[in-house]
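So the structure is just underneath, and the comments pick up after that.
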Amino acid sequence: MAGRSKTTLRVLGPPDGLIEPIRRRAEADLGFSVLFEPKDGLELQQRAVMNPDAFDVLDHWSMSVELAWTARAIQPIDTARITRWHDLLGPGSGASFLDHISRGRGSAPGRMLFVQPDGGLSSSQTERISMLPTVHNMDSFGYSAALRGNVFETDAQESWSWLLDPRCRGRVALTSHAPIGIVEAALAARASGALTFDDIGNLTAEEIDSLIELLISFKRRGHFKGFWEYTQDAVQLMDRRGAAIGSIWAQGILALRAIGSDVVYAVPKEGYRGWLDGLCISSRASGASLDAAYDFLNWWLSGWPGSFMARIGSYMSLPMTVKPYLSEAEWDFWYGGKAAAVPLNDNDGRRIIRQGEMREGGSYESRMSKVAVWISFMDEHNYLTRRWSEFMSAFTR
Amino acid sequence: MERYDGIKTLLRRASLYQVAYEALDSQLREKNLAEGTVLLEGPIADGLGMSRIPVREALKRLAEENRIHRFDGRGYLVGPAGREVALKRINLRLIDWLADLPTDGAALRKPAWESIRDDLEATITSFIPFGCYRVMEVELAKAYGVSRTVSRAALYGLQESGVVEKDNRSRWLAGPFTAQANAEQYELRRLLEVSAFRSAAAGLDRRSLQEMDRRLALAQERNGDVDAEEIADLEADLHEACLRPIKNRMLAASLARCRHSFVINKLFHFHVGAADHDPMLREHRAVFSAFLCGDIDAACAALERHLCLAEDRTLRRLKVLSIVPEPTLPSYLLRLH
């Protein structure tokens, strides 16, 4: 990596992952230019599938991997070129990382990780993978602490049903991303007793119809304050625009904490919604750009990127490399689930964790074990995407 | 003339395929088309004033009869396979295709709805992955410049082939094509198509299947670099042409209603472009290879295996279609959801 290469590595991914400090550090550490192209949701998937020549690395939700793979927009990754691949498989990565990400309802990332001889993807280990697992987390919903005691009993156990509780009418925010929103809505509908599902990670067309009709009826009654695509929009909804409860990612929660919000990140009794980002290599990458792509992938497992992501609440697939880049207090809080020995700051130096505070949900292992369902690429994904669009556009002024 | 007497009745309500076949057949018998003349479905369809699909079927049948044959270029050459001939290219649009057909006007008067059915079917099926649509008869009639009676007849025709259905409010509905529908169609195909293939096997011409296998081999040699039309032709070879000898018309009709996967795969290739055709080519060749070795049981097993794997491939491609925006609707389609 010595010297400055003329290569420019183009990375396509969502804004939450393509953060400027990460890009600058990557350039400094790798010795070549790194260009981020932030896009999200459907737009990102379209770009990836229709224009594999427009990127070298794709950084997106694991469920998009199957989509990109089917379209042959990405190429298999040779694990022999991933420096720490055996660490990822071995005990140093924490208790059975691959086992963790291969379990649970929905599109468990481990079940689409390994490229099989027939070109399919599964959890059977081979030497080629579809994506390099990196950042991941267990999400739930955020709510204003003021709701406790006023709407929900002080000692009530947090539940996904709160998102559809009529007492929250007019104050609920939801993500507009179909594969995420549908899972959260399903968790809420099931928890509230409104609907049941055979497999919450793989809804049938009839179940999708029932769920969408339920959501549209809630929308008709003015239940939702708004819908968000980007984390900054979720933050605004909950900070200034009157949403008191809603789906929101860890980054959003911490951004709210940094500006003094009383937002709480729930630990729902039904479990979390899991997600994992994977780094994929474009099917068009070759020569110098392919080499740069592998350098970038290996860099993501080198430690510093994981420490940056830890301070916005996310985990890394290889925690052992992250630990040296966090203070002991940070490691104990973010991964260990222990009380913060000292106040902790975010990457911008803003105070986000008070001394003595504990991470909701506990340690990494504890939170990982509570994943109820992964964000999903369901069999009826095409159908649900269309029906979700109807929900989004219903009663829009 | 016995053959013509026998088909006159058919011609009175001739399907477009029949008209195309008879037109080509008569030109060949009258030797109006010299050996080596290149036959392309597009210009022939233009000359006949119909869509390409019936012309394609007619050309395939003539190839199975070894009166025309495939070559390394696009289309067919007049004459049986195996003879060296110089290629002749003529303007197929200028040929009077119907000149040598029986002049009984009634024989050629086919129902007006049949003349719009192919185009209507192609349009409606291209929308089914995108949602549930209502087909409006009045707007349909206006769009095609036909009477409402004709538009309704066309819809009843499409109802028979499973493209549209009437709901309990008598509205014509099409779609959505869901993962569940995909699974159901493939389950039916595994139950019916394998049996149909076994029944049809005795009536299959060995030479035709060798020719089909040769086309697959040529596509494999190009590393699967084939366009959507060629893929459609290769699919039709196994899943339509090989079943043509079956006499059970209900069986044939049931199978014809289960082929929406062809639409899904075609849309995937059109909108997304890239696809890995090698598995399909290998699986088709496994069927032909077993048949040509005389092992019908192995051919049927290979066909069943192919249908299982194709179901999974079609499902994955259907999921990818989620990123494709809905195309512009024609005036006679209304999206319900």
Side-chain angles (χ1 to χ4, degrees), chain A residues 41-53 63-75 107 112 116-122 178-179 182 202-209 212-213 216 282-284 376-391 393-394, chain B residues 127-133 175-184 186 223-225 260-261 263-265 267-283 286 305-306 308-327 329 335-337:
Chain A
L42 189 61
E43 204 186 345
L44 191 157
Q45 290 173 340
Q46 287 170 337
R47 185 97 168 124
V49 166
M50 309 290 203
N51 301 104
D53 50 350
M63 54 146 280
S64 293
V65 170
E66 186 193 326
L67 183 145
W69 180 256
T70 302
R72 295 297 184 262
I74 57 175
Q75 61 178 278
S107 301
M112 62 185 74
Q116 303 303 308
D118 66 358
L121 302 177
S122 86
I182 200 76
N202 197 18
L203 304 179
T204 65
E206 288 79 10
E207 289 169 344
I208 291 167
D209 286 341
I212 294 294
E213 277 147 35
I216 289 178
S282 168
S283 55
R284 304 289 201 271
S376 291
F377 197 38
M378 303 183 186
D379 287 351
E380 297 291 2
H381 181 79
N382 176 55
Y383 184 69
L384 97 82
T385 301
R386 315 276 170 198
R387 295 237 57 201
W388 183 264
S389 294
E390 274 178 65
F391 165 49
S393 56
Chain B
F127 278 91
I128 59 171
F130 298 101
C132 178
Y133 297 89
F177 187 73
T178 59
Q180 183 172 340
N182 184 59
E184 288 174 359
Y186 269 101
N223 286 325
D225 180 20
H260 288 138
S261 63
V263 173
I264 300 305
N265 288 311
L267 289 174
F268 178 87
H269 298 146
F270 178 77
H271 289 288
V272 178
D276 180 8
H277 300 302
D278 279 344
M280 180 274 278
L281 299 173
R282 273 200 310 272
E283 290 155 23
R305 180 170 184 271
H306 162 61
C308 287
L309 296 171
E311 177 185 344
D312 184 63
R313 283 195 292 271
T314 304
L315 173 61
R316 292 182 192 286
R317 290 171 182 167
L318 174 62
K319 287 159 73 169
V320 174
L321 287 180
S322 61
I323 66 163
V324 177
E326 183 189 52
L329 284 174
R335 185 153 186 267
L336 295 183
H337 63 77

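Chain identifiers are assigned alphabetically (A, B, ...) following the order of the sequence lines, protein sequences preceding nucleic acid strands; residue numbering begins at 1 within each chain. Source: prediction; values computed, not measured.
Distance check, rounded to the nearest 0.5 Å: CZ of B:R317 to CG of A:N382 gives 15.0 Å. Between the CG atom in A:L121 and the CZ atom in B:R316 there is a gap of 7.0 Å [rounded to 0.5 Å]. Atom CG of A:D118 sits about 8.5 Å away from atom CZ of B:R282, to the nearest 0.5 Å. Atom CD1 in B:I323 sits 12.5 Å away from atom CZ in A:R47 (nearest 0.5 Å). B:S322 OG to A:F377 CZ: the interatomic distance, rounded to the nearest 0.5 Å, is 5.0 Å. With rounding to the nearest 0.5 Å, the separation of CE in A:M63 from NZ in B:K319 is 8.5 Å.
Only the side chain of B:R335 comes within less than 4.5 Å of a heavy atom in chain A; its backbone stays farther off. Residue contact with chain B, scored on non-hydrogen atoms closer than 4.5 Å, involves the backbone and the side chain of A:E380 alike. Residue B:L315 touches chain A through its side chain alone, counting heavy-atom pairs closer than 4.5 Å. Only the side chain of B:P176 has a heavy atom closer than 4.5 Å to any heavy atom of chain A. For A:E66, the part sitting under 4.5 Å from any heavy atom of chain B is the side chain, from C-beta outward, and nothing else.
For the residue pair A:M50 and B:V272, the shortest heavy atom distance occurs at SD-CA, 4.4 Å. Of all the heavy atoms in B:T178 and A:Y383, the pair that sits closest is CG2-CD1, 4.0 Å.
By number of non-hydrogen pairs under 4.5 angstrom with chain A, the leading residue of B:R313, B:H271, B:Q180 is B:Q180.
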